[in-house]
Structure formats: C-alpha cells, structure tokens
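The structure appears below as structure tokens.
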Amino acid sequence: MREETLARIQARSEPWDIVVIGGGATGVGVAVDAAARGYAVVLLEQSDFGKGTSSRSTKLVHGGVRYLEKGDVPLVMEALRERGIMRQNAPHLVSDLAFVVPVYAWWEGPFYGVGLRVYNLLAGKYGFGKSRNLSKEETLEYLPTIKTEGLRGGVVYYDGQFDDARFLISMVQTAVEQGAAMLNYAPVVGITKNEAGFADGIVARDDESGAAIRLRTRVIINATGAFVDNVRRLVQPDVPPMVAPSQGIHLVFDRTFLPGDTAIMVPHTSDGRVMFAIPWNGHTLIGTTDTPIEAPSLDPVPLEREIDFILQTSALYLRKPPARADILSMFAGIRPLVRAGDATNTAALSRDHTVRVDDSGLITITGGKWTTYRNMAEDCVNHAVMLAGLDDKPCVTTRLNIHGYLPHANGLGHLAVYGSDAAALQRLMDRDPALAVPLHPALPYTAVQVVWAVRHEYARTLDDVLSRRLRATFLNVRAALEMAPRVAALMAPELGRDGSWIADECERFRQLARGYLPA
Ligand SMILES: Cc1cc2nc3c(=O)[nH]c(=O)nc-3n(C[C@H](O)[C@H](O)[C@H](O)COP(=O)(O)OP(=O)(O)OC[C@H]3O[C@@H](n4cnc5c(N)ncnc54)[C@H](O)[C@@H]3O)c2cc1C
C-alpha cells in the first residue's frame, strides 16, 4: 500500500491543492475534510500515523467538564456537539461511558450535581444520558472498589470513550477513500518558497529508501502538534514559538482496580487538575498529569514524580491502592499548549484551537482536542481555501461516515473496532485457522489482526502493530514483549522482509518498551 502511495505522489506533475504535514488527529482530520470536498490532498507523516499525542490521550470523547467550571460554555457546547457527531459517524469506535464523581464533602453533591446537569443540558440533541445524584449505596454499586471512609454518595454523568489510535487509523482509511494520498515514514525536512516569498512546496525524505520527495502545492498546512514550531522554523528560522509543550502521563493496571463498567472522575486533585480512572480495553487506565517540558520528542517517557503523583492520588480514592509493581504499562503524551501574547500575524484564533498564518503563507493549526478534530479541520480547510484561492466547496464531514461504519458493533467482541471490516477478518480466519490463534493469554489479540494491519492499515514496524493497530504496548508491555517475535514473524512475509529484519525489529522494540515501565 505504501509503495502505491509513493508511486502516486511521485507521478503527479501538477501542484497539489493542499499538502498536510503531520498524521495525528489534526492532520488526518484536515486530510479527510479537504479530500471529501474534492481537493487534491497529500499528507506526510514523519513516523507512523498516530505516533504522536493522538495515540496517548485519556481516550475520552468528551465536552470537557473542566471548561464548564471555568464558565466556557461555548467551548463545551462545541465539544459536546462534536462528541455527538463522532458517535453518529463512527458508532463502531465510540461508546458511552458512565462516570461517577465520588462525593466526600457535604457541598460536593449539590455542587457537582447541578454542574453535571448543565453539562447534560448543553449537549441538547447530542446528549449521552442523564446525570443524577447517587446515594452512598448506589455509588458503591457503580464503583465497588471506591474508598468508603467518609463517602457520602456520588454524581453519575455520561460521556464518550474510544480507542484513539484505532479511530485514527480508520480516519486514515477514510481519507484514502476520499482520494487523499497518505504517506507515513516521510518526515518533511524543507519548505520551498516562490519569488514572492510564499511557501509553495516541501522537501520530505522517504525514510525507507532514503530518497528525497519533492512536492509543489498551492498551500501547506502544518498540523504537527507539539512539533509545529520546528516546521515553522523550516521557513522562518527566527519565528517566535507559538507552542509551549506540556506532558501528561497515564498508568495502566489490571481490571481488578476498577472492575465495573464505570469510570471515576476526580474534579480537583491536589494540583488542581481533573483525574480519571477509566475501564479501557479490559484494563484500568489512570491519568493524567500536566508537566511543562523543554522540547517535544516522539517517544516521551513518564517522569518519576508524575508516576508518584498518580499513585498517591489513586490511593485517596481506591480501597486497594495500586502500587508501582502493579503497573502493566505507562505512557506519556505531549499537549501543544498555545502560548498567549506572542501573536505576530494571526489569521484567526478560537479559544480552543488556533489557526495561524505565517508571513510565508504557511498555515499552522494546533491546540484543541481529539474530540474537536472535525471542527478544527473544517475551520482550517476554510482558511486554506481562502488563502490559496481554491474553488469554494462546502465541508461535508458532519455527515461523513468513518471507515468501517457499523451500528451496534459491540457484539463483535475485540473485532468491534473493525466495524464492517470484521466480516473480512473472520473470513480470513475461516480460511486459515492458524490466523485465529491468540497471540498472548493476557490479551485478546489474534494473528489475523497482524496480517490485516500490514495489508490494510499501513503498519510498517513492530511498534506500529503492537502499539497502535493492537494496543498491546499500552495495555501490558511485558505481554507485548513476549508477543513481539511472533508478531514480527507474521509481518515479515507480508512486507517482504527476512530474518535479520525480524531480529532488528525485536531489538528496536525491546529498547522502546523500556519507556513503558518504571525503572
Ligand atoms: C495526556 C493527554 C490526554 C489527552 N486526553 C484527551 C482526551 O481524552 N480527549 C480529547 O478529546 N483530547 C485529549 N487530549 C488532546 C488530544 O490528544 C490532542 O489534542 C490531539 O491528539 C492532538 O493531535 P495532533 O494531530 O495535533 O498532534 P499529534 O497527534 O502529536 O500529531 C502530530 C504529528 O505530526 C508528526 N510530525 C511532526 N513533525 C513532522 C515533520 N517534520 N514531518 C512530518 N510529520 C511530522 C508527528 O510525528 C505526529 O504524528 C489529550 C492530550 C494529552 C497530552
């Protein structure tokens, strides 16, 4: 698949309408939007699709209760609407989840009860379920492992949950179906300008062959998340930075710490943040933190003090507090927080995401959140159309199904995320029962998913398969390490690789896996 994309990109002699740099939720969202409008679009990702923050989120499709507390009603309404659109267009990938805010002080019940009813009201026709106050007994039914000492009750509300990397891969497939060329392992290393100083092309590297890729385009969209300033500096080395990166981590434990189907939401931790404990893919996910960092990296690693903070906060709410030795995996993601007050040539600002146009015409879009990716893309493509003088074409993504669209997919078990593709995976297993064999006793994955990932989901490396097509690295990194040789052996013939590739990939993955467990 990658070879075909590369050939298509190289065969095109006329300029593209839009080049998108960055294959996370923001960039892929832009590619889906622009391709669905009918523009000629190419997207270049330096690593795997979703390798950045977009596979490292809290996995919530949410309006953001936190913003409501700050009185930012329009922002919450926008996100609640987008939450509803995501579920409508990808019912196989977004599910409802009950959250309980445990109440220990007398004022918390009425306070959060009213706030969460407002949250629910703001969703209007996109509502996910009614919030209500709970007695202590009801709270314990929802959360059997919550600390009972001083517990007065709780407030239940509903939001959405998803598997971020799986959603992203389905978006990549959607973009391709709409006509976009999507190339991974192709870092953009240069931006060319015309005589008027307007950015008119990019230079990228095909990381698999080392060859240079040169493209001409009418407009370039920089959607590189925490890396946006690096790309802006390719055109203007002295440009003031627009992003201040901040890291957030999650710890993953087994299901016994949160055995039901309900998440815990703690509205105020000791550092004033929201913290979640969430049932996710048969495990318990707890996070997050907010730690300013110097510079972004592709494989950020949790800091000791972040791990301690999550363990200490969990111990305040869980009867059996999780310990370091219980950590099955941990991961860090980087928020591209937009700096205030450094605006030079701001084309447009919204309070959540930012679209900025530099002097060269390079458009940068960043900020926002996963849940608002579609709206961000619409806004960004509107800017690109105007700036590049492209023919006006309406955005169609509010009603565009995401690849694999299938209502009521949950009966498909661990294949639910494939939606309508699950039938094809099943046929492969029927034809070759070896593909139905589980890959590890601790995780639900089967061999067919590996083959599928290479054939249909652009996976190139062991990390791509184990971390983002399957979520093994994120759920249980020791199990992922044990699966690695088998998974690499399944991938090699699909990719036309030999035994030395298998050995190299296993070693590379061993190095990477170190960052997913505490020292
Ligand atoms: C800890 C944490 C938890 C979060 N939880 C939630 C949540 O529960 N719900 C929610 O809605 N939002 C959440 N968010 C926000 C959400 O995850 C982000 O807003 C979103 O993923 C950002 O996507 P992005 O595409 O802008 O960035 P990224 O996903 O980082 O993508 C940028 C991409 O650009 C690529 N790139 C960089 N440089 C180049 C180059 N030179 N050439 C080519 N490619 C390049 C990178 O490799 C990367 O893949 C969370 C964020 C964090 C940090």
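Every number for a ligand or one of its atoms is a count from 1 in the order of the listing. The model shown is predicted, which means the values in this text are computed figures rather than measured ones.
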Could you check whether R471 makes a cation-pi contact with F474, meaning its NZ or CZ is under 6.0 Å from the centre of the six-membered ring and within 45° of the ring axis? yes

One finds that the ligand 1 atoms under 4.0 Å from a non-hydrogen atom of G225 are 26 (O), 27 (O), 32 (C)

CG of D261: more than 12 outside heavy atoms within 6.0 angstrom? no

Do W370 and ligand 1 have an N or O pair less than 3.5 Å apart? yes

Parallel under 30°, tilted from 30 to 60°, perpendicular over 60°: which one fits the rings of Y157 and Y119? perpendicular

Does W370 have its ring centroid less than 6.0 Å away from the ring centroid of F167? yes

For K51 and ligand 1, does the shortest N/O to N/O distance drop below 3.5 Å? no

Salt-bridge present (D358, R233; N to O < 4.0 Å): no

Between F128 and R87, is there a cation-pi geometry (under 6.0 Å to ring centre, at most 45° from the normal)? yes

Would one find an N or O of I21, backbone or side chain, under 3.5 Å from an N or O of ligand 1? no

Counting only nitrogen or oxygen atoms and a 3.5 angstrom limit, does S54 reach ligand 1? yes

Does A226 come within less than 4.0 angstrom of ligand 1, counting non-hydrogen atoms of the residue? no

Salt bridge between D164 and R56, side-chain N to carboxylate O under 4.0 Å? no

Identify the protein heavy atom lying closest to atom 9 (N) of ligand 1, giving its residue, its atom name and the separation to 0.1 Å. L60 O, 2.7 Å

What about I334: any of its N or O atoms under 3.5 Å from an N or O on ligand 1? no

Heteroatom proximity flag, T53 to ligand 1, N/O under 3.5 Å: yes

Atom 19 (O) of ligand 1 - nearest protein heavy atom and its distance: K369 CA, 3.3 Å

Between T288 and ligand 1, does any nitrogen or oxygen pair lie at a separation below 3.5 Å? no

Side chains of R356 and I363: closer than 4.5 Å at any heavy-atom pair? no

Please report whether ligand 1 has a polar contact with R335, defined as an N or O pair separated by less than 3.5 Å (distance criterion only). no

Considering distance alone, does some N or O of E45 sit under 3.5 Å from an N or O of ligand 1? yes

To the nearest 0.1 Å, how far is atom 14 (N) of ligand 1 from its closest protein heavy atom, and which atom is that? S57 CB, 4.1 Å

Under 4.0 Å from ligand 1, counting heavy atoms only, is it the side chain of A79, its backbone, both or neither? neither

Would you mind reporting whether I293 and S246 have side-chain heavy atoms less than 4.5 Å apart? no

Do any nitrogen or oxygen atoms of T58 come within less than 3.5 Å of a nitrogen or oxygen of ligand 1? yes

